[in-house]
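So that the names make sense, note that chain A is the first sequence line, chain B the second, and so on, each numbered from 1.
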Amino acid sequence: MSERADIQSDEQHYDPQALQAKWQRRWEELQPFRADDDPADTRERRYVLDMFPYPSGDLHMGHAEAFAIGDVVARYWLQRGHNVMHPIGWDSFGLPAENAAIKRNAHPAEWTYANIDTQANSFKRYGISFDWSRRLHTSDPEYYRWTQWLFTRFFERGLAYRKGGLVNWCPADQTVLANEQVKDGRCERCGAEVVRRELTQWYFKITDYADRLLDDMTQLEGEWPERVLTMQRNWIGRSEGADVDFAIEGRDEPVTVYTTRPDTLYGATFFVVAPDAPLAEEIVSEEQREAFEAYRAEVAKLSDIDRLSTEKEKTGVFLGRHAINPVTGERMPVWAADYVLSDYGHGAIMAVPAHDQRDLDFARAFDLPVQVVVHTGLADPGETGVATAGEGTLVNSGPLDGLSKAEAIKKIIEVLAGRGTGRAAVNFRLRDWLLSRQRFWGCPIPIIHCPDCGEVPVPDDQLPVTLPDMRGEALAPKGVSPLASADDWVTVACPKCGGSARRDTDTMDTFVDSSWYFLRYVDPSYEEGPFDVEKLRLWGPVDQYVGGVEHAVLHLLYARFFTKVLHDMGMVDFTEPFRRLLNQGQVINQGKAMSKSLGNGVDLGQQIDAYGVDAVRLTVVFAGPPEDDIDWADVSPAASQKFLARAFRVMAEAGAASAPGADVSTGDLELRRFTHRTVDEVTKLAESHRFNVAVARLMELTSAARRAIDAGPGAADPAVREAAEALAVMLSLVAPYTAEEGWERLGRSASVARAGWPVVDPALLVQESVTCVVQVAGKVRDRLEVSPEISEAELEALALASDKVRAFLDGDPRKVIVRAPKLVNIVP
RNA sequence: GGGGCCGUAGCCCAACGGUAGAGGCGGCAGUCUUAGGAACUGUACAGAGCGGGUUCGAAUCCCGUCGGCCCCA
């Protein structure tokens, strides 16, 4: 025992580390967080889910925040009497394991599963209320068997297909990337600048679901952060316009372009093709071929960032051909220019320099004509160099003259449709999801390439296609999948014809694994399918999802897509996987993201060693609103620990002075009022996720109980017990160890996690009197203690009778605003 | 370039259009202590980034502006 013994009794000494050891053991015995699958359990079911972690070493401060917040929700619902499922698993395929394996000459699984063990132990220490019986790992064959099964179902439905084309290639990771994994032209994972490569790859046809992904967001309105919905809308990028067919001189088939501004067709003065589009290659004239090839080679070196930069000077080359404007009949020169991307629309655009800035910049650079067709009242773009993209009246446009933009769009589509050279069209920014990866540590694509039968899915009874045993140098990136060199594994009999065939050697994007994991938690050992459809009916969809905003257009979009496909397959009842979403902020330090190079990292394990789990959890919850970033330099885990010690002493002293079951109605009324008011407020705050404010209320309750013990009715008063018990239950959401020990000291049986939320007595919320503010011209001049039931007339009379108020009035007031019972404002 | 969010004490953060401060950190003072901690008690510090407007009344609503962050281009 420390020297403190003489000041603080042993009984009341707060020793977080000892509590942690004790209660971890007890929770193992009690299993308070098992979710009940029994349909006869009539409690309301709630499914709380944290985005599962990638096992990259031990848990860090970011996990500490995310999981502490998710745990508040899960524990709150449990206290409210719900049947809560709060599972945990690991997103355990992925590149870092492979890189570690190469470095250590080991198998990626060794590193992966060692890290999972470390994280699992840390989670247990961290006291998160997981139902450990539902644990899963996406790299287990029992799991990825079903990822493969889903892939083959997608394949059968035409939702997984292979195509050639230009793809994003990360030169550092030596693999292709999906569009979603390219941020500002860089690899979202490693930051390397992405280049374009021509490759044949597997895709999921997420574009088939573009409309539904957009429309179903109405279900999420108000339940998901608005900015995530906005990001998804932007990403999907639905626009309405028209497809217009342009004849190209010397080409049989017309070329279709998509435009959002068909009304400006009369102002289209030239035609631009993406230099890397097959069309450019096809139509370039012999005289211009050499110049074109040189230009295309130049452009190939550029990243999309460079290509789209508005700073960059416009470049391009004339293709020696002309397109015919379908309405004016004029010949429009066809150019290749890098500001047009091959994957936008059809890889070609009609250029309307007067009303599109990029077209205008290009026209001015190459001295192409500018034809104004919308009169906006602004100066001529040909003179100013500023395109006029806004509303206006159509001019120089034949039948469109005099119409507004909206009218003209409608009219021109009718005209084009009548002639069969155009039609209304919807365009999406969203591209199909490229899922092949040229890496080892992922889910093998269950396809066999047969020279006779083509792409043959591996039959269900042969799943899973397990990874061959490869390690160390064999995994080093070579630009093709390491699996390609595992000859024995690759060579296989075709399931259809029995002839010699080869396995697909790519693995799936790990975002495929995580697109359905939340469904498997209902029964991770289920062997009849990817998930138990009946159990999912009980639990799905996820009621509260918690995770970082960085997945706004990645995981969240993919998981929504998978859910819709599974809905169409009749396997899930719902169309949206996550009812509510909470994005927690980042934990930073000294204004910057923690990083090794800055040397500003904060180690979670060290924080826990120094202050205890509860203090760390309390700190992250109390630091601010859940979605705000926490700067560790601004917060004080030491102060959290002090508060917990105070709260603990209140519970211990109340427990020592009284036994459970006393008649609370005889307790100190003032404290009882305070307790019930606090419970009422904390309830509302928990419901609305204002956990930081809820913690502040618990601090107040602790102080109130302390005052009652020291300078009020004393520790034995039933009101003190009532306050201490309410404190233990509410505190258990954030500081489970302290709450559990306090609850035990109060003579109650474990676990406090299932004690039940305190019941508010409405009679105790009614106040005897309230302070009424009396303002004169909006300035506070007096305060009156009045009954909450006071009438407006009474209150007005009282206010006007006040001497302090009269001093600011001469004569009768012009107006008196009464908001009984809290405020009177007198306008002199 | 377009759109969104946010600017409240030294700091982190609260506050149905109604008393600017709930809570915490850090100050300061005191009780206790040989002292330092710890514990406890008390206390100071902002008129809301800036400028307009609406209103009896604006941190809160509207417009503009500055600064920070994010998304799309």
Side-chain angles (χ1 to χ4, degrees), chain A residues 2-9 12-14 183-184 225-237 239 304-305 307-311 339 341 344 356-358 361 386-387 389-390 429 549-550 552-553 583 585-586 588 590-591 618-625 627-643 645-646 649 677-678 681-682 684-685 690-703 706-707 709-711 770-784 813-828:
Chain A
S2 72
E3 295 176 344
R4 291 178 192 158
D6 56 340
I7 304 163
Q8 246 174 36
S9 81
Q12 290 164 22
H13 177 57
Y14 178 70
K183 283 265 185 291
D184 296 327
E226 192 50 47
R227 58 177 181 152
V228 173
L229 296 178
T230 304
M231 281 188 237
Q232 291 216 358
R233 280 195 192 96
N234 288 339
W235 188 262
I236 296 166
S239 66
D304 281 2
I305 331 177
R307 283 179 66 162
L308 293 173
S309 167
T310 43
E311 315 285 290
Y339 78 97
L341 297 182
Y344 175 82
D356 181 285
Q357 190 60 48
R358 286 166 308 172
D361 292 343
V386 180
R429 195 182 162 277
V549 73
E550 64 274 15
V553 289
N583 287 136
Q586 306 275 301
I588 61 173
Q590 293 156 331
L618 185 82
T619 301
V620 296
V621 172
F622 182 54
E627 51 282 345
D628 284 11
D629 288 350
I630 298 170
D631 193 327
W632 205 249
D634 291 336
V635 297
S636 173
S640 299
Q641 194 185 6
K642 279 189 218 170
F643 161 68
R646 275 158 50 84
R649 282 195 302 274
R677 208 158 54 232
T678 301
E681 283 187 41
V682 170
K684 289 170 184 153
L685 292 164
R690 282 137 78 210
F691 308 128
N692 55 324
V693 186
V695 169
R697 295 290 169 268
L698 298 185
M699 290 173 170
E700 290 176 281
L701 180 60
T702 303
S703 296
R706 166 53 54 197
R707 275 193 302 275
I709 291 170
D710 291 346
V770 292
T771 306
C772 176
V773 173
V774 185
Q775 299 176 329
V776 178
K779 288 196 169 61
V780 181
R781 298 305 185 187
D782 197 9
R783 287 160 218 270
L784 307 168
R814 270 197 299 146
K815 198 171 172 185
V816 181
I817 289 108
V818 184
R819 293 284 177 271
K822 304 234 357 175
L823 178 125
V824 176
N825 188 15
I826 300 164
V827 188

All side chain to side chain donor-acceptor pair (under 3.5 Å) counterparts of A:Lys822, not counting sequence neighbours: none

Is there side-chain contact between A:Val620 and A:Trp632, with at least one heavy-atom pair below 4.5 Å? yes

Between A:Ile709 (CD1) and B:C40 (C1'), how many Å, whole number? 13 Å

With B for base contact, S for sugar-phosphate-only contact and - for none (protein heavy atoms under 4.0 Å), nucleotides 1-7 of chain B reads -------

Whom does B:G1 pair with, Watson-Crick or G-U wobble, provided both distances fall under 3.5 Å? B:C72

Identify each atom pair where a protein N or O and an N or O of nucleotides 54-58 of chain B are less than 3.5 Å apart, giving names and distance.
{"from": "B:C56", "atom 1": "O2'", "to": "A:Asn825", "atom 2": "ND2", "distance (Å)": "3.4"}
{"from": "B:C56", "atom 1": "O2", "to": "A:Asn825", "atom 2": "ND2", "distance (Å)": "2.4"}

A:Gln641 has an atom CD; how far is it from atom C1' of B:G24, in whole Å? 15 Å

Starting at atom CG of A:Asn583, determine the distance to atom P of B:C70, rounded to an integer number of angstrom. 15 Å

What does the list of N/O pairs under 3.5 Å between the protein and nucleotides 10-16 of chain B look like, with a distance for each?
{"from": "B:C11", "atom 1": "O2'", "to": "A:Asp634", "atom 2": "OD1", "distance (Å)": "3.4"}
{"from": "B:C12", "atom 1": "O2'", "to": "A:Ala623", "atom 2": "O", "distance (Å)": "3.1"}
{"from": "B:C13", "atom 1": "O3'", "to": "A:Asn692", "atom 2": "ND2", "distance (Å)": "3.4"}
{"from": "B:A14", "atom 1": "OP1", "to": "A:Asn692", "atom 2": "ND2", "distance (Å)": "3.1"}
{"from": "B:A15", "atom 1": "OP1", "to": "A:Arg690", "atom 2": "NH2", "distance (Å)": "3.0"}

When rounded to the nearest 0.5 angstrom, what is the spacing between CG in A:Leu823 and CG in A:Leu784? 11.0 Å

For A:Phe691 and B:G23, give me the distance from atom CZ to atom C1', rounded to whole Å. 17 Å

Mind checking if A:Arg706 touches a base, just sugar-phosphate, or nothing, with heavy atoms under 4.0 Å? nothing

Can you run down the side chain to side chain donor-acceptor pair (under 3.5 Å) pairs that involve residues 692-702 of chain A, sequence neighbours left out, and say none if there aren't any? A:Glu681-A:Arg697, A:Arg697-A:Glu700

Could you tell me whether a side-chain N or O of A:Asp629 sits under 3.5 Å from a main-chain N or O of A:Gln586, the two making a donor and an acceptor? yes

Hey, could you give me the CG/CG distance between A:Leu698 and A:Leu618, rounded to the nearest 0.5 Å? 8.5 Å

Just jot down the side chain to side chain donor-acceptor pair (under 3.5 Å) partners of A:Ser703, sequence neighbours excluded, or say none. A:Arg646

A:Glu627 CD - B:C70 C1' separation (whole Å): 14 Å

Below 4.0 angstrom from OP1 or OP2 of B:C40, is there any side-chain N or O of A:Arg646? yes

Which part of the nucleic acid, if any, lies within contact of A:Lys642, taking any heavy atom under 4.0 Å across all strands shown: a base, the sugar-phosphate backbone alone, or nothing? sugar-phosphate

Is there a Watson-Crick or G-U wobble partner for B:C50 with both distances under 3.5 Å, and if so, which one is it? B:G64

